[in-house]
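Note that ligands are numbered from 1 as they come in the structure, with each ligand's atoms numbered from 1 the same way.
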Amino acid sequence: MSLLKDKTAIVTGAGSGIGESIALLFAENGTRLVLTDVDEEGGQRVLQAVKDKGAEAIFVKADSGSAEDNERIVGEAQKAFADVHIAVNNAGIGGAQAPVGEYPIESWDKVIGVNLSGVFYGMRYQIPAMQKAGGGAIVNIASILGQVGFEQSSAYVAAKHGVVGLTKNAALEYSSKGIRVNAIGPGFIKTPLLDENLPQEQLNQLAGLHPIGRLGKPEEVAELVLWLASEKASFVCGSYYPVDGGYLSR
Ligand code: NAP
């Protein structure tokens, strides 16, 4: 089934993990893709993979934490494909682990800059482009940590709570203008973000926090993003959907 046929979608942080899975699933659903990432190698690899699936696509090396780069991404998308209909603001980082009273200021600024300001910068330029296109859909990748706290992770938790609030505000402002904005909250998902930063023992502990008894897979997150981006979700806006193996049920 081609749920996103003839649509153009921007996916940030598409060179790895959840963004990569979203890009591949979108490609299978007929989408033209504008992939962005700071990681040129990962971005080029995923670009080739979506082209192999038959998608028209470009890669734009860009820092989601920069307003100028977000403006440039939308400009490149319009240059290549005229209109932008869908955006998935996915790029994100983990940050330092420390209690609030010891949290490194530099890491706070970086995490808020990419994980929260990055989503605002994205929508700041995506929304006018979608208005020009006659409407669209935005999916912001928050986290279960956009609903609850997690020790040693204040910057990440604050940024992801901010993404949920920002999503609601954008939905209030643009739903009547044909742009649906939603956020999703993945539980802990097995991607390089976790694998490269945490020892196996901690990964096992994290898996145990999910009633389903395991970590999630990036493909399982991509399925929800596809649905929210598609016309199947035509009456869904301003919402937050967990995809978390039951984590938030505790
Ligand atoms: P990932 O595997 O590390 O992929 C993220 C990609 O984004 C990487 O290619 C990364 O490049 C890139 N990136 C980092 N900073 C960027 C920036 N400033 N501008 C553009 N691209 C940037 O991480 P993931 O697990 O797929 O996470 C994707 C999103 O899901 C994030 O927003 C994350 O917070 C969220 N999330 C993840 C989990 C989880 O458990 N994995 C759970 C809930 C929510 P580098 O590799 O070079 O840094």
Asks: Around atom 15 (N) of ligand 1, find the nearest protein heavy atom and jot down its residue, atom name and distance.
Replies: Ile93 CG2, 3.5 Å
Asks: Can you list everything that forms a ring pair (Phe, Tyr, Trp, His ring centres under 6.0 Å) with His210? Sequence neighbours excluded, please.
Replies: Phe188, Tyr247
Asks: Give the residue and atom name of whichever protein heavy atom lies nearest to atom 8 (C) of ligand 1, and the separation in Å to one decimal.
Replies: Asp37 OD2, 3.6 Å
Asks: Return yes when at least one protein heavy atom is under 4.0 Å from atom 1 (P) of ligand 1, and no when none is.
Replies: yes
Asks: Of all the atoms in ligand 1, which lie at a distance below 4.0 Å from a heavy atom belonging to Phe188?
Replies: 40 (O)
Asks: Students should be able to answer this: which protein heavy-atom is nearest to atom 26 (O) of ligand 1, and at what distance?
Replies: Ile18 N, 2.7 Å
Asks: Tell me whether Lys61 is salt-bridged to Glu40, with the criterion being a basic N under 4.0 Å from an acidic carboxylate O.
Replies: no
Asks: I want to confirm something. Looking only at heavy atoms, which of Gly92, Gly17, Gly19 is nearest to atom 5 (C) of ligand 1?
Replies: Gly92
Asks: Quick one: do Arg45 and Glu20 make a salt bridge, cutoff under 4.0 Å?
Replies: yes
Asks: Just jot down the side-chain contact (heavy atoms from CB on, under 4.5 Å) partners of Gln78, sequence neighbours excluded, or say none.
Replies: Val74, Val84, Ala129, Lys132
Asks: Applying a heavy-atom cut-off of 4.0 Å, say which part of Asp63 lies close to ligand 1: side chain, backbone, both or neither.
Replies: both
Asks: May I ask you to check if ligand 1 and Asp39 share an N or O to N or O distance below 3.5 Å?
Replies: no
Asks: Tell me: protein heavy atom nearest atom 34 (O) of ligand 1, and distance?
Replies: Tyr156 OH, 2.6 Å
Asks: Could you grab the distance from atom CZ of Arg214 to atom CG of Leu206, nearest 0.5 Å is fine?
Replies: 14.5 Å
Asks: Can you check which of Asn90, Val46, Asn140 brings a heavy atom nearest to atom 32 (O) of ligand 1?
Replies: Asn90
Asks: Could you walk me through whether Leu224 and Tyr241 satisfy the side-chain contact (heavy atoms from CB on, under 4.5 Å) test, starting with their C-alpha distance in whole Å, then the side-chain angles of each, then the deciding distance to 0.1 Å, before giving a yes or no?
Replies: CA-CA 8 Å; Leu224 178 58; Tyr241 280 85; 3.8 Å; yes
Asks: Using a 4.0 Å heavy-atom threshold (strictly under), name the region of Ala142 that reaches ligand 1: side chain, backbone, both or neither.
Replies: backbone
Asks: Asn197 vs Gln97, test: side-chain hydrogen bond (donor to acceptor under 3.5 Å, both in side chains). Steps then yes/no.
Replies: CA-CA 11 Å; Asn197 292 308; Gln97 290 189 291; over 6 Å; no
Asks: Identify, by atom number and element, the atoms of ligand 1 in contact range of Pro192, meaning under 4.0 Å from any of its heavy atoms.
Replies: 2 (O)
Asks: Does Glu223 reach the side chain of Leu25, with side-chain heavy atoms less than 4.5 Å apart?
Replies: yes
Asks: Looking only at protein heavy atoms, which one is nearest to atom 25 (O) of ligand 1, and how far off is it?
Replies: Thr191 OG1, 2.5 Å
Asks: Within the structure provided, determine whether Val157 and Ser154 are in side-chain contact (heavy-atom separation under 4.5 Å).
Replies: no
Asks: Would Phe26 and Leu3 count as a side-chain contact (heavy atoms from CB on, under 4.5 Å) if you check the C-alpha gap in whole Å, the side-chain angles of each, and the deciding distance to 0.1 Å?
Replies: CA-CA 8 Å; Phe26 275 23; Leu3 286 184; over 6 Å; no
Asks: Look at Arg124 together with Glu68 and state whether they make a salt bridge at an N to O cut-off of under 4.0 Å.
Replies: no
Asks: Any idea which protein heavy atom is nearest atom 43 (C) of ligand 1, and the distance to it?
Replies: Pro186 O, 3.4 Å
Asks: Quick one: which of Gly187, Ser16, Ser143 has a heavy atom closest to atom 38 (C) of ligand 1?
Replies: Gly187
Asks: As a check for students: among Ile189, Leu198, Thr12, identify the option with a heavy atom nearest to atom 40 (O) of ligand 1.
Replies: Ile189
Asks: Taking atom types as modelled and ignoring hydrogens, do the side chains of Asn89 and Gln126 form a donor-acceptor contact shorter than 3.5 angstrom?
Replies: yes
Asks: Ligand 1 versus Leu193, non-hydrogen atoms closer than 4.0 Å: side chain, backbone, both, neither?
Replies: both
Asks: What residue and heavy atom of the protein are closest to atom 22 (C) of ligand 1, and at what distance?
Replies: Val38 CG2, 3.4 Å
Asks: For atom 19 (N) of ligand 1, what's the nearest protein heavy atom and its distance?
Replies: Ser64 N, 2.8 Å
Asks: Output the list of atoms in ligand 1 that are nearer than 4.0 Å to some heavy atom of Ala91, sorted by atom number.
Replies: 20 (C), 21 (N), 22 (C), 32 (O)
Asks: Can any side-chain N or O of Glu220 pair as donor or acceptor with the backbone N or O of Lys217 at less than 3.5 Å?
Replies: yes
Asks: Which bit of Ala62 is near ligand 1, meaning a heavy atom under 4.0 Å away: side chain, backbone, both or neither?
Replies: backbone
Asks: Evaluate the side-chain hydrogen bond (donor to acceptor under 3.5 Å, both in side chains) criterion for residues Thr167 and Asn140: first the C-alpha distance (whole Å), next the side-chain angles of each, then the deciding distance (0.1 Å), finally the verdict.
Replies: CA-CA 7 Å; Thr167 299; Asn140 294 323; 3.1 Å; yes
Asks: Where on Lys160 is there a heavy atom closer than 4.0 Å to ligand 1, on the side chain, on the backbone, on both, or on neither?
Replies: side chain
Asks: Which of the numbered atoms in ligand 1 are below 4.0 angstrom from a heavy atom of Val114?
Replies: 18 (N)
